[in-house]
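Let me begin by presenting the structure, written as structure tokens, before commenting on it.
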Number of protein chains: 2
Amino acid sequence: MASDAQTGRAPSIRDVARLAGVSHQTVSRVLNNHPSIRVETKARVQQVMDDLQYRPNRAARVLVTSRTRTIGVLAAAATQYGPASSIQALEKAARAEGYFVNTTNLDGTDRASIERGLNHLLDQAVEGLVVIAPQVRVFETFHDMNISLPFVTLQSTGTTEHALSVDQISGARLATRHLIELGHRSIYHLAGPQDWIEAEARMHGFLTELSANDVPATAPILGDWTAEFGYYAGRELLRVRDFTAIFSSNDQMALGLIHAIRESGLDVPRDVSVVGFDDIPEAAHFWPPLTTVQQDFGELGRRAIALLLGNIDDQGASPATLVPDLIVRKSTARPAF
Amino acid sequence: MASDAQTGRAPSIRDVARLAGVSHQTVSRVLNNHPSIRVETKARVQQVMDDLQYRPNRAARVLVTSRTRTIGVLAAAATQYGPASSIQALEKAARAEGYFVNTTNLDGTDRASIERGLNHLLDQAVEGLVVIAPQVRVFETFHDMNISLPFVTLQSTGTTEHALSVDQISGARLATRHLIELGHRSIYHLAGPQDWIEAEARMHGFLTELSANDVPATAPILGDWTAEFGYYAGRELLRVRDFTAIFSSNDQMALGLIHAIRESGLDVPRDVSVVGFDDIPEAAHFWPPLTTVQQDFGELGRRAIALLLGNIDDQGASPATLVPDLIVRKSTARPAF
DNA sequence: GAACACGATGTGACCGTGCACATCGAATTG
DNA sequence: CAATTCGATGTGCACGGTCACATCGTGTTC
């Protein structure tokens with residue numbers, strides 16, 4: 001009855017202790033590598049751990065320390081390249097810091113779905129939050145549920161302290177300026193959903209750059225990030241055809257746009273120039289290869305973690321601004337006029 | 001000193017009990033809605049819970065029940081549409097069943113990375129595993145670490161009981177037959193990495209269909225799922241140009257392929273027909289719109305959970321075979337000969 | 001050489017739940 | 001009407017770690 005280890009439960013710290021002939025506390029010290037332990041004692045304990053394939057029980061640790069070391073990700077478009085890449089990088093970075101990540105995907109973007117997502121995350125007692133979703137609505141909900149938790153939003157204007165400053169505005173200005181410099185004067189903007197902070201920022205950048213160059217502004221078209229939408233928007237737009245260039249808020253919509261343009265017998269870039277945003281890996285292989293604004297999604301994810309853990313562990317992090325690059329390929333040219 | 005609730009710790013079951021004037025066990029019963037509780041008692045407890053914004057402590061529960069209700073996902077290409085969609089659906093389905101999901105992304109596909117990923121998952125005591133990665137290598141590692149855990153692989157030939165039977169083979173045959181029926185006799189296959197079971201299955205389907213129709217087989221080209229690879233493979237292939245059609249193992253590589261073909265002055269589908277696999281949302285907007293094999297990634301994810309929870313909760317699930325569809329668009333035509 | 005510091009280790013309580021068992025009153029049964 | 005059953009509730013312990021504190025032997029200090 002001394003070796004009642006076959007109870008089905010995994011070996012515990014006390015099982016290790018017994019076999020190593022030490023107290024459970026000594027085992028705990030080995031686990032947290034406490035300085036004052038004799039090397040041979042440590043070795044002996046470690047040996048027993050290996051033999052037993054011992055793994056510390058996370059739940060027990062969490063219970064006593066009340067630290068879950070888990071950060072939550074609230075995602076709305078985890079299917080798209082950008083968010084997916086950021087999440088991947090973020091998860092990796094968190095893991096390297098000994099943190100766990102729980103990614104929860106919203107069922108929809110309505111209030112109830114957001115609430116459900118947040119609740120799921122709170123049930124796990126996440127220590128911080130990364131929001132990759134319509135931030136505006138999430139933060140409202142967040143506030144109404146009056147929860148206070150360190151959080152970071154992946155892409156933003158940089159107004160809040162919680163926000164990672166990827167300069168979406170300057171990225172959008174870069175794209176717009178490129179079109180203006182080529183000689184375009186009638187430029188449309190296919191925007192993203194306006195409750196995504198980055199969509200709003202890109203639109204803002206677009207309008208700012210237009211007015212800075214005295215180019216007449218056009219009303220942005222509000223899209224949903226999909227190629228499908230880009231396609232139908234393109235077809236609508238072509239009925240009038242009072243433009244020579246379009247700046248799309250992401251690459252997928254640009255693809256749909258090009259599809260519509262070409263289907264109507266026009267050519268890109270001869271008749272219409274198109275600029276995208278994101279530089280997804282496929283963009284270089286669109287036909288024509290897409291001129292677009294490159295974002296480093298991986299870096300974004302890593303910085304999100306750095307910023308968040310900085311908040312959690314209370315040392316202030318420095319979110320230096322990431323400036324996106326314009327990648328000029330073949331989808332833009334001088335207007336035919 | 002009776003109201004020592006401001007200790008910083010969240011309210012516990014006993015805080016609720018005290019305020020409701022019942023024992024902690026009664027509160028626990030309310031939580032797990034035990035049948036024999038007076039409705040008014042239940043209401044009173046619930047009221048206190050709301051007031052306190054009480055949330056059950058998951059760690060404590062896990063500790064005592066030794067059930068984590070967490071399933072782990074080991075992912076290698078979470079950045080791509082297919083895997084990402086499956087993960088998203090899977091996470092949602094798991095959540096609906098009261099399970100938590102932890103997605104761990106492999107740093108690489110080497111042995112050490114896989115081991116690291118598995119360890120991370122085991123540290124959380126996941127109750128089951130979904131593998132979206134080079135399965136062959138994962139299972140070897142899995143075996144060598146001699147861990148036994150219910151697991152499911154998302155896409156496979158259907159040989160194992162653990163495997164979800166999406167019939168990748170018949171999907172590939174569908175695509176190949178389509179090309180043959182159009183009159184093609186010189187068909188290449190751009191395959192995926194061979195330690196992905198689905199890549200191997202698609203290749204198998206391709207070869208089977210060729211031989212069933214007495215069409216001479218060609219050596220498959222082993223790719224890495226990326227558009228970039230498709231592009232370079234296409235350039236290589238075009239130096240010889242002894243083919244009229246290519247079946248690509250996924251849509252991204254097909255895109256790169258088309259890019260290379262068109263760049264060399266040839267046309268798709270006039271000179272070369274191309275078929276993809278997956279039907280990512282962008283495929284309909286490629287130029288030309290891509291003929292491809294459609295997979296229901298969401299359904300895949302949902303079934304993975306159903307199968308896994310069936311194993312965990314011990315009721316045998318029935319993994320009826322999902323048969324993919326061929327979506328004919330504009331990238332295929334009769335050979336010009 | 002007594003007082004003390006310190007390194008190495010052990011002891012017991014505690015974290016927030018669920019489980020097994022006990023209790024107690026009311027309804028049912030013979 | 002006593003015995004039994006059952007519904008509604010309470011009591012105490014266990015889960016597997018960490019923390020605060022105690023213990024003990026040894027070297028250092030004055």
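It should be emphasised that the depicted structure is a prediction, and the values quoted were computed from it without experimental measurement. Residue numbers begin at 1 in each chain, while the letters A, B, ... track the order of the sequences.
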Figure out the CG/P separation between Leu63(B) and dG16(D), and round it to whole Å.
-> 7 Å
Indicate yes or no: does Arg137(B) engage Glu140(B) in a salt bridge with an N to O separation below 4.0 Å.
-> no
What bend angle does the helix from dG1(C)-dC30(D) to dG30(C)-dC1(D) show across its length, from five-pair end axes and to the nearest 10 degrees?
-> 40°
May I ask you to say whether Glu127(B) pairs ionically with Arg67(B), meaning some side-chain N is under 4.0 Å from a carboxylate O?
-> yes
Partners passing salt bridge (Lys or Arg N to Asp or Glu O under 4.0 Å) against Asp51(A) (at least two apart in sequence or in another chain) | none
Ignoring hydrogens and angles, are the base of dG10(C) and the side chain of Arg29(A) linked by a donor-acceptor pair under 3.5 Å?
-> yes
Determine whether any donor atom in the side chain of Arg61(A) lies under 3.5 Å from an acceptor atom in the base of dT18(D), or the reverse, and answer yes or no.
-> no
Per nearest nucleotide of DNA chain D, the residue lying toward the 5' end, Gln25(B) or Ser12(A), is Gln25(B)
Flag the pair Phe139(B) / Phe151(B) as yes when their ring centroid distance falls below 6.0 Å, and as no otherwise.
-> yes
Rounded to whole angstrom units, what separation is found between the CZ atom of Arg38(A) and the P atom of dC6(C)?
-> 20 Å
When we call it a touch if two heavy atoms are under 4.0 Å apart, what does Ser66(A) touch: a base, just sugar-phosphate, or nothing?
-> nothing
NE2 of His24(A) versus C1' of dT11(C): gap in Å, rounded?
-> 7 Å
May I have the distance from Ile13(B) (atom CD1) to dT17(C) (atom C1'), rounded to whole angstrom?
-> 6 Å
Establish, for the pair Arg58(B) and Phe100(B), whether the NZ or CZ atom is under 6.0 angstrom from the six-membered ring centre and no further than 45 degrees off its axis.
-> yes
N-O pairing of Asp107(B) and Arg95(A) below 4.0 Å = yes
Send over the distance from Arg9(B) CZ to dT17(C) C1', rounded to a whole Å.
-> 13 Å
